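Being a predicted model, the structure only gives us computed values, none of them experimental.
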Amino acid sequence: MPLLINDMLNLGVPLNQNLGHLDLSRLHATAQNSGLVALTDEPWSRAQFATSRGLAQERWAVAFIDKGKEQFQPLAKDGPSVSDCLSAEQSRALADVLASRDQVVCLRGSAGVGKTTVIKQLQVRLADENRAVFYCAPTSSAADTLRKDGVATATTVSDFLQNRVLKDRDRLTGAVLVVDEAGLTSNMQGGELLKVAERYNAMVVFLGDSKQHTSVEAGDFLRILENHSSLHTVELSDIRRQTVAEYRQAVKCMAVGGALGGLEALDRMGWVKEGKADYLGAAVEDFIKKSDGGRRLDAVLAVTPTWAENYAFTDQLRTELKTRGILKAGETIAVHEPLAWTKAQKERAENYLPGQVVTVQRATAGFRCGQTLSVQRVEGGRVFVITENGEKALPLRQLNIEVARVRSLEVCEGDKVLVRANERSAKLLNGEILTVAEIKDGVITTVDGRKIDTGRVKALAHGFAVTSHKSQSKTAEHVIVAAERLDAKSAYVACSRGRVSCSVHTPDKVALMERLPSGNRASALEVLADQAAASAPRGLPPVPEIQTPDWRERLKQACSWTWWRDVARETTHWVENLPHWGRVDGRTPNIPLNRDRS
C-alpha cells in the first residue's frame with residue numbers, strides 16, 4: 001500500500017501526533033532519507049511513496065503467480081462427479097478449479113453465490129485424491145465458519161504460518177493450501193503463504209471476493225494479484241442467497257462494482273429510508289418489527305459502520321427490549337474497549353492515560369503473551385504498568401500489544417454478546433455472537449452451555465449490531481443497516497447479508513449516495529501503472545484518411561480545393577511529428593523523446 005505524504009494515516013501521523021510542535025523541514029529531511037521509494041514524479045509534498053520492502057513484496061507475488069502457470073498436475077485427475085447440491089454454474093466452476101495446472105488458482109464468488117456448498121464438494125474431491133490439504137482463513141470468525149461448515153481442521157492464516165507449518169512440515173510437500181475469504185489477506189500474510197507454497201512445491205486455492213472488505217493490515221493482496229498477475233480466476237456470479245428478485249438484482253449490481261446503482265435500486269424498492277436526526281430510532285423500530293417484537297432476535301442482523309452508531313443503536317434497542325420483557329434482570333461488568341491504535345501511536349508514551357489497559361500479543365522482554373496490564377502512570381516519556389512484581393516500564397518499541405479503555409457494560413438474561421478478541425482458554429473466537437442464558441456473580445452462561453468468567457474475559461460488547469467488517473460471512477433473514485455514511489465495500493457487504501430483506505436507515509439519502517467512495521486502497525504497483533499511463537503519449541497523430549461513400553462523393557471532393565488543402569495540412573502535421581515518437585528503452589513503446597512535444 002503506498003504511503004501518501006499528505007495522508008494523515010501514514011507519513012502525516014507525526015504531524016497529527018505533534019500538531020503545532022513539529023518542524024516541517026525536519027520532517028521533510030527525515031522522510032527523504034527514510035528509504036521510501038517515490039512512485040510518482042510529483043513534487044515531494046504531493047508525491048506518493050512506498051517502502052522498498054512493500055514494493056518488492058508486491059512485485060515478487062505477481063512474478064510468483066506468473067512463474068507457476070501450467071507447471072503442475074491438475075488438482076484432480078478427472079472432472080467432479082455430478083452432485084445434486086451443485087448448480088450448473090457451481091459444477092462448472094468446481095471442474096475448472098480442479099482441472100487447473102497453475103500453482104495458484106482463485107475461485108471468486110460474490111456474496112451469496114453458494115461458495116460454502118462448493119467448498120464442501122471441493123473438500124470431498126481433494127480427499128479422494130489422497131493429497132494433504134490445509135484449510136485456513138485470515139480471521140478467526142471466517143475460520144470458525146469453515147469449521148461449522150464441516151472443515152474440522154480449518155484454522156487462521158496466522159496460526160497456520162506460525163504453528164502448522166512447523167508442526168506439519170512433513171506433510172506440506174506437494175500439498176494443497178485452501179484459503180477462504182482470501183480478500184481479507186494482507187500483503188504480508190499473502191506473501192508468506194506463497195513463500196510456503198514455493199518452499200514445499202504446494203498448490204494454492206484462493207476463495208474470496210476482492211470487492212468485499214480487505215485486510216486491516218497493509219495491502220489488498222487478492223485484488224493486486226487479480227489486477228497485475230496472470231492469476232487464473234474462476235468466477236461464481238449466480239447469486240442464490242436473496243429470495244426476492246429485485247433484491248437479488250440490487251446485490252448483483254453491487255457485486256460488479258456498482259454500489260451506487262445497487263443502493264439506488266434498493267431505494268426504488270422503498271428500502272432506503274431517510275430518518276433525519278432520528279434515523280437510529282427508526283432503525284430500532286424496524287428491528288423490533290422484523291424480529292417479531294423481539295422474540296426472534298436471530299432473524300435480524302443489524303449493521304452499523306461505526307462504533308458510535310453501534311452504541312447509540314444498541315442503547316435504544318435494549319431499552320425497547322427491556323420494556324417488552326425480552327431482557328430480564330442483569331449485572332454490570334467491566335469490559336475492555338479496544339482503541340485500534342496504529343503501531344506509531346502505540347510507540348508514543350504521550351498517548352497513554354492512567355487506567356488504560358495493555359494486552360501483550362507476543363511474549364517479549366519479560367512480558368507473557370496474553371498478559372493484561374493496567375497503566376499506572378506516564379512520566380518522562382515512559383509508560384509504567386502494574387505487574388505481579390510491582391511497577392514496570394513498558395518497552396513500547398519492542399512489544400506487540402493492544403491498548404484498550406475500560407468501560408461498563410450491563411449484561412442481562414436474553415442479551416446478545418459480541419466477542420471482540422480470541423480467548424482460546426474459554427474457546428471464544430473474535431467475532432462470535434452469543435446469547436446470554438444467565439449471568440450470576442460475573443459469570444455468563446450462554447444458551448449453548450459455555451461459561452464466560454467476565455473477571456478474566458474482558459473483550460466483550462453487546463452483539464445486537466456489528467460493524468460491516470464483522471458482518472462479512474454472516475447471513476440472516478433480514479438485515480438492517482443504520483449508517484450516516486458508507487463506502488462501496490461496506491455498502492456491498494452489509495446490504496448483501498439478508499435473504500429476504502434489507503433496510504438502509506440514514507439521516508440524508510442524498511448525502512449517503514454522494515459520499516460513496518470505492519473503499520479500495522491503491523497498491524504500489526497501481527500507482528506506478530497510473531504514473532506510466534499518465535506519462536505515455538496518447539498515440540501517434542491520426543493518419544489522414546479519405547472516407548468516400550461512393551464515386552460521386554469522391555469526384556465532388558477531388559474537384560474541391562478546400563479538400564486538398566485540408567489533406568495537405570493533416571499530412572504535414574503528421575510527418576512533422578513523426579520524429580518525436582519512439583522508444584526510450586527496450587520495454588515501453590511510444591514514449592515521446594521530447595516531452596515538450598508530446
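Not counting sequence neighbours, Phe287 has no partner by the ring pair (Phe, Tyr, Trp, His ring centres under 6.0 Å) test. Among residues two or more places apart in sequence or in another chain, the salt bridge (charged side-chain N to carboxylate O under 4.0 Å, His left out) test is passed with Lys346 by Glu402. In terms of the side chain to side chain donor-acceptor pair (under 3.5 Å) criterion, residue partners of Arg368 (sequence neighbours excluded) are, by chain and number, Glu388. Applying the side chain to side chain donor-acceptor pair (under 3.5 Å) rule to Arg456 yields the partners Ser425; only residues at least two apart in sequence or on another chain are considered. Scanning for side chain to side chain contact (heavy atoms under 4.5 Å, CB included) contacts around Asp441 gives an empty result, with sequence neighbours left out. Among residues two or more places apart in sequence or in another chain, the salt bridge (charged side-chain N to carboxylate O under 4.0 Å, His left out) test is passed with Asp453 by none. Listed by chain and residue number, nothing satisfies the ring pair (Phe, Tyr, Trp, His ring centres under 6.0 Å) test with Tyr279 (two or more places apart in sequence, or in another chain). Contacts of Glu274 classified as salt bridge (charged side-chain N to carboxylate O under 4.0 Å, His left out), with partners at least two apart in sequence or in another chain: Lys276. Here Glu413 pairs with Lys328 under the side chain to side chain contact (heavy atoms under 4.5 Å, CB included) rule; sequence neighbours left out. Annotation: side chain to side chain contact (heavy atoms under 4.5 Å, CB included) contacts of Gln123 (sequence neighbours excluded): Tyr135, Val151.
When only modelled atom types and interatomic distance are considered, Ser501 and His478 share a side-chain donor-acceptor pair under 3.5 Å. A donor-acceptor pair shorter than 3.5 Å can be found between the side chains of Gln189 and Ser158.
No side-chain heavy atom of Thr446 sits less than 4.5 Å from a side-chain heavy atom of Val436.
Atom CZ of Arg450 sits in a crowded spot, with more than 12 heavy atoms from other residues, nucleotides or ligands closer than 6.0 Å.
In this structure, the ring of Phe464 has its center no less than 6.0 angstrom from the ring center of Phe313.
Judged by the 6.0 Å distance and 45° axis criteria, Arg420 is positioned over the aromatic ring of Trp307. A cation-pi arrangement is present between Arg407 and Tyr311 under the rule of less than 6.0 angstrom and at most 45 degrees off the ring axis.
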Output side-chain donor-acceptor pairs under 3.5 Å for residues 265-272, partner residues at least two apart or in another chain, one line each.
from: Asp267; atom 1: OD1; to: Lys509; atom 2: NZ; distance (Å): 3.0

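Ion pairing between Glu285 and Lys289 fails under the 4.0 Å rule for side-chain N and carboxylate O.
Listed by first and then second residue, the salt bridge (Lys or Arg N to Asp or Glu O under 4.0 Å) pairs involving residues 290-305 are Asp286-Lys290, Asp292-Arg295, Arg296-Glu477, Asp298-Lys416 (not counting sequence neighbours).
Of the candidates Val417, Val335, Asp415, Thr454, Leu409 forms a side chain to side chain contact (heavy atoms under 4.5 Å, CB included) with just one, namely Val335.
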